[in-house]
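Here the structure comes first, spelled out in structure tokens, and everything after it is commentary.
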Amino acid sequence: MQFDPLIEGLAARGWSVQPCFLANDLTAELAAECRRLAAGDALSPAGIGRGSAQVVHEAIRGDHILWLDEGFSPVCDRYLTLMASLRQALNQAFFLGLDEFECHFAAYPPGAFYKTHLDRFRDDDRRTVSVVLYLNPDWQPGDGGELRLHLPGLEPVDVAPVAGTLAVFLSGEVPHEVLPTATERLSLTGWFKRRATSVL
């Protein structure tokens, strides 16, 4: 797997998008897994905030999610193995000290969106690089659901959620949103996290 284009874009701009990042067969298997889980009600409405302060607020965020762990399924493990390789490449390029990857399936029903936000929590700065893989093979212009990156001093950048496309950006520096979708929108959304700072 060639990570150089992603790393070069991240270094130059703080974000990068690579179409056709993932092979069609693996992308299709991940999409099928997400749909299977959604059909079985395994995905839950996503909240905002974290811990005891987390609440579901569909006026801000309307997706349904399921967190993944190693061993969840063979196809998910293949993706997690690939992300482990990307984590190593990011550490080699930027010396970020990334030691963890967390991710979840995200399904947006028609009409759902996610208003502008940062991925890094105010009381926890470990999320360092955000990673979104799209799983929508039949996406067409007009279907909505684009990822909109808000870049200081520049026009926003819209990323179409086309199957196999991978978007990466700095979690604490790139405000972003998901525009309203007119059709089902599936993704795997994750974060590379750096080591927690020890308090002596």
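Excluded from the calculations below are hydrogen atoms, water molecules and symmetry mates; all remaining heavy atoms, backbone and side chain alike, are included.
- The shortest distance between side-chain heavy atoms of Leu166 and Leu6 falls below 4.5 Å.
- The backbone N or O of Asp25 lies less than 3.5 Å from no partner atom in the side chain of Thr27, so there is not a single donor-acceptor pair.
- In terms of heavy-atom proximity, Ala182 sits nearest to Pro110 at O-CB, 3.8 Å.
- The only member of Tyr114, Phe113, Phe169, Trp15 that meets ring-ring contact (aromatic ring centres under 6.0 Å, His included) when paired with His176 is Phe169.
- Side chains of Glu177 and Leu149 form no contact here, defined as non-hydrogen atoms less than 4.5 Å apart.
- Expressed to the nearest 0.5 Å, how far OG1 of Thr189 lies from CG of Leu133 amounts to 9.0 Å.
- The pair Arg185-Asp63 does not meet the salt-bridge criterion, since no charged nitrogen lies less than 4.0 angstrom from a carboxylate oxygen.
- The closest donor-acceptor contact from the side chain of Ser171 to the backbone of Ser130 lies under 3.5 Å.
- Leu68 CG to Cys103 SG: the interatomic distance, rounded to the nearest 0.5 Å, is 4.5 Å.
- Closest heavy-atom contact between Ala160 and Tyr134: O-CD1, 4.2 Å.
- Rounding to the nearest 0.5 angstrom, the gap separating the OG atom in Ser16 from the CZ atom in Phe3 is 12.5 Å.
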Subject >> side-chain contact (heavy atoms from CB on, under 4.5 Å) evaluation trace for Val132 with Val159 >> reply: CA-CA 11 Å; Val132 188; Val159 181; over 6 Å; no

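- Formation of a donor-acceptor pair under 3.5 Å by the Arg87 side chain with backbone atoms of Leu98 is found in this model.
- Listed by first then second residue, pairs satisfying salt bridge (charged side-chain N to carboxylate O under 4.0 Å, His left out) with a partner in residues 95-110 read Glu102-Arg127, Glu102-Lys193, not counting sequence neighbours.
- Between His64 and Pro109, some side-chain heavy-atom pair lies under the 4.5 Å cut-off.
- Leu147 and Ala167 make their closest contact through CD2-CB, 4.1 Å (heavy atoms, listed as atom of the first residue, atom of the second, distance).
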**OP:** Take Gln18 and Thr165 through the test side chain to side chain donor-acceptor pair (under 3.5 Å) and record every step on the way to the result.
**Re:** CA-CA 6 Å; Gln18 187 170 340; Thr165 296; over 6 Å; no

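- Using a 30° and 60° split on the angle between ring planes, Trp67 and Trp191 fall in the tilted class, from 30° to 60°.
- Rounded to the nearest 0.5 Å, atoms OH (Tyr108) and CG (Asn136) are 11.5 Å apart.
- The residues Glu184 and Arg35 are annotated as salt-bridged, a charged nitrogen and a carboxylate oxygen being separated by less than 4.0 angstrom.
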**OP:** Run the numbers on Arg148 and Asp158 for salt bridge (charged side-chain N to carboxylate O under 4.0 Å, His left out), then give the verdict.
**Re:** CA-CA 4 Å; Arg148 175 166 289 176; Asp158 288 350; 2.7 Å; yes

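- Cluster partners of Val162, by chain and number: Trp139. The rule joins Ile, Leu, Val, Met, Phe, Trp and Tyr whenever side-chain heavy atoms lie under 4.5 Å apart.
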Original post:
Given Thr128 and Phe192, is the side-chain contact (heavy atoms from CB on, under 4.5 Å) satisfied, shown in steps?
Top reply: CA-CA 6 Å; Thr128 304; Phe192 291 109; 5.5 Å; no

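- Residues Ile7 and Ala93 approach most closely at CG2-CB, 3.7 Å, considering heavy atoms.
- Judged purely by atom type and a 3.5 angstrom limit, Ser73 uses its side chain to pair as donor or acceptor with the backbone of Cys76.
- When side chains are defined from C-beta on, Leu188 counts as touching Tyr79, because their heavy atoms get closer than 4.5 Å.
- Every salt bridge (Lys or Arg N to Asp or Glu O under 4.0 Å) that Glu29 has, sequence neighbours left out, goes to Arg78.
- Here the side chains of Asp69 and Leu80 are not in contact, with every heavy-atom distance at 4.5 Å or above.
- For the pair Asp77 (side chain) and Gly71 (backbone), a donor-acceptor distance under 3.5 Å is present.
- Rounded to the nearest 0.5 angstrom, Arg13 CZ and Glu173 CD are separated by 14.5 Å.
- In plain terms, the two heavy atoms of Ala31 and Leu186 that are nearest each other are O-CD1, 4.1 Å.
- Contact of the Leu96 side chain with the Arg194 side chain is not registered, since no non-hydrogen atoms from C-beta on lie closer than 4.5 Å.
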**OP:** Apply the test side-chain contact (heavy atoms from CB on, under 4.5 Å) to residues Leu37 and Leu43: give CA-CA distance (whole Å), side-chain angles for both, the deciding distance (0.1 Å), then the verdict.
**Re:** CA-CA 7 Å; Leu37 292 164; Leu43 278 66; 3.7 Å; yes

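- In this structure the side chain of Glu146 reaches within 4.5 angstrom of the side chain of Leu179, judged on heavy atoms.
- Inter-residue side-chain proximity for Ile65 and Phe105 is flagged as unmet; no heavy-atom pair is nearer than 4.5 Å.
- Val17 approaches Pro19 most closely through the heavy-atom pair O-CD, 3.7 Å.
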Subject >> Steps toward side chain to side chain donor-acceptor pair (under 3.5 Å) verdict (Asp143, Thr183) >> reply: CA-CA 6 Å; Asp143 285 347; Thr183 186; 5.5 Å; no

**OP:** Please test Leu10 against Leu90 for side-chain contact (heavy atoms from CB on, under 4.5 Å), starting from the C-alpha separation and ending with a verdict.
**Re:** CA-CA 10 Å; Leu10 198 62; Leu90 291 169; 3.8 Å; yes

